[in-house]
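Keep in mind the model is a prediction, meaning the values are calculated, not measured. First the proteins, then the strands, lettered A, B, ... as listed; each starts at 1.
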There are 2 protein chains.
Amino acid sequence: MKKTSLNDIAQQLGVSKTLVSLVLNGKGKEYRISQDVQKRVVMLAKELNYKPNQIAKGLRTGKTNTIGLIIADIANPFFGKLGREIEREAAKHGYRVMFCSSDEKAVNATQQIEMLQQGQVDGFIISPPNGSEEQIKQLKKSKTPFVLIDRYFTEIESNWVVVDNLKASYQGTEHLIKNGCKRIACITTIPGMLTMDNRLKGYKKALTDASMEIDENLIKILPFSHEITDVMNAIKELTSVEESKVDAILFTTSKVGVRGIQCLHSLNLKIPEDIAVVSFDDIDAYKISRPTITAIAQPLVEIGWHSVKVLLEEMADKRKKKELRQITLETKFVIRNSSVK
Amino acid sequence: MKKTSLNDIAQQLGVSKTLVSLVLNGKGKEYRISQDVQKRVVMLAKELNYKPNQIAKGLRTGKTNTIGLIIADIANPFFGKLGREIEREAAKHGYRVMFCSSDEKAVNATQQIEMLQQGQVDGFIISPPNGSEEQIKQLKKSKTPFVLIDRYFTEIESNWVVVDNLKASYQGTEHLIKNGCKRIACITTIPGMLTMDNRLKGYKKALTDASMEIDENLIKILPFSHEITDVMNAIKELTSVEESKVDAILFTTSKVGVRGIQCLHSLNLKIPEDIAVVSFDDIDAYKISRPTITAIAQPLVEIGWHSVKVLLEEMADKRKKKELRQITLETKFVIRNSSVK
DNA sequence: ATTCTTTATTAAATCGATTTAGCTAAATTA
DNA sequence: TAATTTAGCTAAATCGATTTAATAAAGAAT
């Protein structure tokens, strides 16, 4: 069973494919195709189960109705849930999503963007890894519509949708301070990335505002692709000296958070009695964990919604110049048992 | 900056685009294009940063180097991790992945498959929802390469990659029995789906083999799109009558598992003292939960690897008839604290 | 009777690649 | 010298749609 093409319908009816195309695209009236012929075209199309070839259509019109989504890792629940929201929102407007996991490596993201840029997608939603600045600049130069999410580059003017990481982190740290924690550590990752830098800044600012000293020994910055042993070492360092033991940890991602909590458990450190815990990203695990984990929840639905909306606007009319769309959303602080002594 | 096309290169060098195409596709020698001309073509292509338009290529060759992935929900950690493995494996062979979440609704899956089938993908990896039999049959008839994962339809001969659900479930139940549980409940979902049916069968078989009675009151089957209140109601029913209280629950998905454990916590039922727990799918949450949760881990890497491999074979040479590839993988039973009284 | 409109339709160009079939000039062989 | 081979390259068809410009036939206006 070969697929039905426009030509098949045209030949069987003895009309031109122009006519068939016009009718099936709802331009019958506009082009004054007779009712009779229109009816016959529509009926035969249905009978032969005709579906226009999207590739051919894409080549001619330059539109693919597909969005390229470049994220760190679709298996990471943050990006998984976000991906789902983007997919849902895109589908509402007739768009499909092609996703690529960059593993936070610029070389991967660059290759993926270049690949998809060759006619495969109409625009991008990108969570750009460190070092991908050049590729983003190139996207801009080539006038490909795109939105950055989760982070952006200060030196590049572009659309973006992010959350107020500094404030979120500040809230979490402030909460720990108010609950009597004196030596609060911060375990973070991906050094140099704006998002993480801001989370660290928020942590520091909260300490400073509470007239507490910032002890660089309490800040552990792990590489993106860290193993659980790296987290374990960090925690051991933070808890080795009895008189200077930390009494709280702020984890800046759920990935370090989950691993950190596993380590705390295996070191027999009680949460929150020995060490209070606050973590970014409100994942399922934090809800069923005992104790439940206090979390900084990101508004995934809103991030998805806004990023698709901005991208659609950007793609809508390529000619006219648009103002930049830079959206900062608020996180939600969910207090649970891990942080209340 | 417009994109460079084959024609641009051809015109600038004063040669035909045939020549340019041949050279850039490595057929220079075969067609005896002179070394000098070849060199000039390659150099100009690099200089103009030429990248072939994939849409045009796809139209001509009928190949898109894209795989369509239809799953229930990319935000579900099982499918998220699986998706990642599929993406990774596909990328190794030069394929990209387009994903669609069906929400276990046949109408969605059908629409998504039909959409992508119009030239957008070369083949499918599908986790088919109940009721999508007709669409799968249609795929077969149209000779579109595909593999089913996680489940399949017994009445349709097709390639598939699944796990031995009956055995996995049997193991989990047997383990609970050996640990002294007398009244073991099973909370499951998606009635009528092969995967879930087999998990239920394994549970029943383990009970029967241990000469224990199968009490239908201990089996709760929730719809796919259940809320936490549904799980709560099920658990309340299972624990309401004091003298017939259950002492263990087998959850057949991590989605019900996570919610079930939340309910147990909020009902102040101790795990495992009051109720022992075993759940399918070894998610992060089960590792950091206190107590840690005994889980039936699915071999995600292997499922991903096999499904891509089978699909690639299927796509390789459409003409020759291939034997069916039906692969059943083993799960891994991870014993933790939630099931050991 | 001639020109202008309107109706109903189509031929052909186009998107950007791949691929088949063929062509010219030089070199080699008979 | 004529016939054949080889080297080096190209014209044109093709994939399946969309879209521009054109056209034939019929009716209306002058």
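Here the side chains of A:N49 and A:T4 are not in contact, with every heavy-atom distance at 4.5 Å or above.
Side-chain nitrogen and oxygen atoms of B:Y31 include none within less than 4.0 Å of the OP1 or OP2 phosphate oxygen of D:dT10. Regarding contacts with the backbone of C:dT18, a side-chain N or O of B:N25 is found under 4.0 angstrom from either OP1 or OP2. Checking the phosphate oxygens (OP1, OP2) of D:dT18, a side-chain nitrogen or oxygen of A:S21 falls inside 4.0 Å. Residue A:R32 has no polar side-chain atom (N or O) positioned under 4.0 Å from OP1 or OP2 of C:dA8. Between A:K27 and D:dT19 there is a side-chain N or O to OP1 or OP2 distance below 4.0 Å. Distances shorter than 4.0 Å separate none of the side-chain N or O atoms of A:K63 from OP1 or OP2 on C:dC15. Here A:S5 reaches the OP1 or OP2 of D:dA17: one of its side-chain N or O atoms lies under 4.0 Å away.
Going from atom CG of A:L6 over to atom C1' of D:dC15 covers 13 Å, rounded to whole Å. As a whole-Å value, the separation of B:I55 CD1 from D:dG16 C1' is 12 Å. Atom CG in A:L19 sits roughly 15 Å away from atom C1' in D:dA22 (whole-Å rounding). To the nearest angstrom, P of C:dT6 lies 16 Å from CD of A:E30. Put simply, CG on B:L13 is 14 Å from C1' on D:dC9, counting in whole angstrom units. One interatomic measurement links the two molecules: CD of A:Q38 to C1' of C:dT7, which rounds to 13 Å at whole-angstrom precision. The interatomic distance linking A:N53 (CG) with D:dT14 (C1') rounds to 13 Å, in whole Å. Summarising the geometry, the separation between CD on B:Q54 and C1' on C:dT18 is reported as 13 Å, rounded to the nearest angstrom.
Using modelled atom types and a 3.5 Å distance limit, the side chains of B:Q138 and B:Q135 yield a donor-acceptor pair.
Note that CD of B:Q112 is 10.0 Å distant from CD1 of B:I126, once rounded to the nearest 0.5 Å. To the nearest 0.5 Å, the span separating CD1 on B:I86 from CG on B:L69 amounts to 5.0 Å. Note that NZ of B:K309 is 7.0 Å distant from CD1 of B:I327, once rounded to the nearest 0.5 Å.
In the interface, the side chain of B:T18 is not paired with the base of C:dT18 through any donor and acceptor atom under 3.5 Å apart.
Relative orientation of the A:W160 and A:Y152 rings is parallel, given thresholds of 30° and 60° on the angle between their planes.
Residue A:T61 is in sugar-phosphate contact alone, with no base atom involved, counting any heavy-atom pair closer than 4.0 Å across all strands shown.
Heavy-atom distances to DNA chain C give each of B:L59 and A:L22 a nearest nucleotide, and the one nearer the 5′ end belongs to A:L22.
With C:dT10, D:dG16, D:dG8 as the candidates, the nucleotide lying closest to the side chain of A:V15 is C:dT10. Residue A:R60 has its side chain nearest to D:dT18 when only D:dT18, C:dA17, D:dA11 are considered. Here the side chain of B:A56 is nearest to one of C:dA11, D:dC9, C:dA17, namely C:dA17. Residue B:S16 places its side chain closer to D:dA11 than to any other of D:dA17, D:dA11, C:dA11.
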